[in-house]
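Presented below is the structure to which this report refers.
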Amino acid sequence: MLDIKNLRVAVDGKEILKGLTLKVEAGRVHAIMGPNGSGKSTLSYVLAGRSGYDITEGSITYNGEDLAALAPEERAARGVFLAMQYPVEIPGVTTMMFLKSALNAQRRSRGELELDAITVLKRVRAKAAALNVSEEMLKRALNVGFSGGEKKRLEILQMALFEPSLAILDETDSGLDIDALRLVAEGVNSLRTPERAMLVITHYQRLLDYIVPDRIHVLAKGRIVAEGGKELALELEAKGYEQIVKDAA
Amino acid sequence: MSSAALETKDTVASLGEKYKYGFVTDIEMERAPKGLSEETVRYISAKKGEPDWMLEWRLGAFRRWLAMKEPKWARVHYPPIDYQDAYYYAAPKNTPKKQSLDEVDPKLLETYNKLGIPLSEQMALAGVAVDAVFDSVSVATTFKEKLNEAGVIFCPISEAIRDYPELVKKYLGTVVPVTDNFFATLNSAVFSDGTFVYVPKGVRCPMELSTYFRINASETGQFERTLIVADEGSYVSYLEGCTAPKRDENQLHAAVVELVALDDAEIKYSTVQNWYPGDENGLGGIYNFVTKRGDCRGDRSKISWTQVETGSAITWKYPSCILRGDDSIGEFYSIAIANNFQQADTGTKMIHLGRNTRSRIISKGISAGKAQNTYRGLVSVYGKAENARNFTQCDSLLIGAECGAHTVPYIESRNPSARIEHEATTSKIAEDQLFYCLQRGLGQEEAVALIVNGFCKEVLQQLPMEFAVEAQKLVGISLEGSVG
């Protein structure tokens, strides 16, 4: 589904990703682990198409298409979803209004019929309960005054609503206490399907206790330096990144 | 440029071709001689069949105007206007009705469609004979009957001068005096027409006057004059203008609006102004110099201004409230959008004269392109205005790096019991907000429209329901091409 080859990415002229290669198949959950500054967030942004992240070399192929050639909103319509580490606030725009506008924009782009407010509301409600997203939250301005946990739950709610084929979760565990983490992880696990691929980006092993990956990649200094099954996370936890990076070198 | 933007450009370009062929009809005009003189003023008054007192009133204004200087304090720049090189009265001898929408400028229709205006209204707005679509005469008659029953007078001001001279004499020029300012005085001398509303004691006007207004698609003059009087305990809501773009050949507009609210009366006045702003290079566009003022003359009266200003090359406009009556309330809710080379200098004046008077100002200014947007406001509390209260909130939003936002608040208080609050913010549409929206599938322009509408929400909520939705779309359309 996703095929990244020898990817080099620069931000403000500074090279952050230095030849990253990664393959993700449908139905699989891959974890990207790595120390701070290793390029984890850069990877998530470049996949989503944020401006300022320039690909200098290499390629990203998504379902046979050159992903880099698509605008961010076109990627979204084709099923690329990024659950952000810091979801932004948009004052004056109710959460419900935002969800409806975004869902319909994606549908329009795919040539599907737009849904009316009531249909969208029904769909949102059906998914909101499991994530403990209240009606009241849906009426508030998007992310404005939301707690860290509320913001992350709303990200997962959007993931459930948009039904992406590639979901990238950037540090979804950051700022969450253990109960909130469990709730979010359950939400993510319920979205694992044979068609959907996930890329879980995290600094800590903790999240992977709840979202168990099929494969783990260790990112350091802009390259994948180690790969393995879910047990690699435990090894990392025991040894620390420094040792793993050294071992790999 | 995105492929969508390119497509739009192509479409517009092709429409431009059609436009050339669309307008070949020569309209026979009846005109006053060029330039401004006593003769012109007499000509206009005679054309309107006015009584002598009205002519004298106009002439008095004209003589005062000759001695006045054009104000230069606003933060707007434009080449000098030659007042002798203009026509002050021009009326088509007979307005030729277009027979179908095929004869209408397709670009205008495109905008109507984006705004979601029903087809029948599109035809009315574009000046197509609407009788074929629905019986506008009978709709108008139903409205007229309803208003008559309630005793509400709602007619062109030229008609009111003939039919209700006592009412007009009693109130005209009492809120905006003939000598108020350069543009108001000019208007007093040469106004061609406008609207008169009188709501009798204790009457709640049975409909939004906007509804009627829109179906009649009244033709806006260059020098419009509006007078609205709400007698004791009455209520009226009036909507001026239209979300649809107005094509107008007159570059200079100088309207005057006067509102009078007596004891316990309430007037809600909403404006959506979407005149031609000039092209993306700053060529053309309407100069809009308006004087709007409401007088809360009675105790416990209330006047509320809501404006959405998206058009015109230059906007110079300060809808104000004189809070004369004790316990009276003045409100000003404003959205001013300036894109490309537009310049807007707008705000309000709240003059607290009576005891326990309250005022509230919510201003949202949006600047994009190379536009300059200024909020200029005065809150003044006089010595006798015990316990006056004011709350002002001024928010500016910048889109891009070449535009400007300016806030110029004047606050004066001569009474120690006054409480005046002023809050102001300036923000930019943040890159991370935009990216978040794009990531969720919204296009660039849709994302900007969504963010800006959120920013304006408090003001949009003040508009009559039917216009709020259109105004929201208008906000998006006005900012098209401002990002990316």
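In what follows, chains are A, B, ... by sequence order, proteins preceding strands, each numbered from 1.
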- Side chain proximity check, B/Gln439 to A/Met84, heavy atoms < 4.5 angstrom: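 When only atoms from C-beta onward are counted, A/Met84 and B/Gln439 do touch, with a gap below 4.5 Å.
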- Do the side chains of A/Arg50 and B/Asp432 get nearer than 4.5 Å, heavy atoms only?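 The answer is yes, as the side chains (C-beta and beyond) meet within the 4.5 Å cut-off.
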Considering only heavy atoms, give the residues of [range] separated from chain B by less than 4.5 Å, sorted numerically, with 'none' for an empty result.
{"range": "residues 100-131 of chain A", "result": "A/Ser101, A/Ala102, A/Ala105, A/Gln106, A/Arg108"}
{"range": "residues 151-172 of chain A", "result": "A/Glu155, A/Gln158, A/Phe162"}
{"range": "residues 136-143 of chain A", "result": "A/Leu142, A/Asn143"}

- Query: So, does B/Arg440 use its side chain to make a donor-acceptor pair with the main chain of A/Leu82 at under 3.5 Å?
  - Reply: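 Pair found, side chain donor or acceptor close to backbone of A/Leu82.
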- ring-ring contact (aromatic ring centres under 6.0 Å, His included) partners for B/Phe435, two or more places apart: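 Applying ring-ring contact (aromatic ring centres under 6.0 Å, His included) to B/Phe435 gives A/Tyr45.
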- Given that the side chain runs from C-beta out, which part of B/Gln433 has a heavy atom under 4.5 Å from chain A: side chain, backbone, both or neither?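 Contact with chain A: backbone and side chain both.
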- Sort B/Phe455 into side chain, backbone, both or neither according to what part of it lies under 4.5 angstrom from a heavy atom of chain A.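 For B/Phe455, the backbone is the part near chain A, not the side chain.
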- Task: Pick whichever of A/Pro91, A/Ala77, A/Ser51, A/Ala71 has the most heavy-atom pairs under 4.5 Å with chain B.
- Result: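 Counting heavy-atom pairs under 4.5 Å, the top option is A/Pro91.
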- Message: Between A/Gly52, A/Gly92, A/Ala48, who has the most heavy-atom pairs with chain B when the cutoff is under 4.5 Å?
- Response: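 Ranked by heavy-atom pairs under 4.5 Å with chain B, first place is A/Gly92.
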- Taking every non-hydrogen atom, the tightest pair across A/Ile90 and B/Cys437: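 Result for this residue pair: CD1-SG, 3.6 Å.
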- Message: Could you check whether atom CZ of B/Phe391 has more than 12 heavy atoms from other residues, nucleotides or ligands sitting under 6.0 Å from it?
- Response: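 Yes, enclosed.
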- Message: Using a 4.5 angstrom heavy-atom cutoff, name the option from B/Leu450, B/Leu460, B/Ile451, B/Asn453 with the most pairs to chain A.
- Response: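 When all of B/Leu450, B/Leu460, B/Ile451, B/Asn453 are compared, B/Leu450 has the most.
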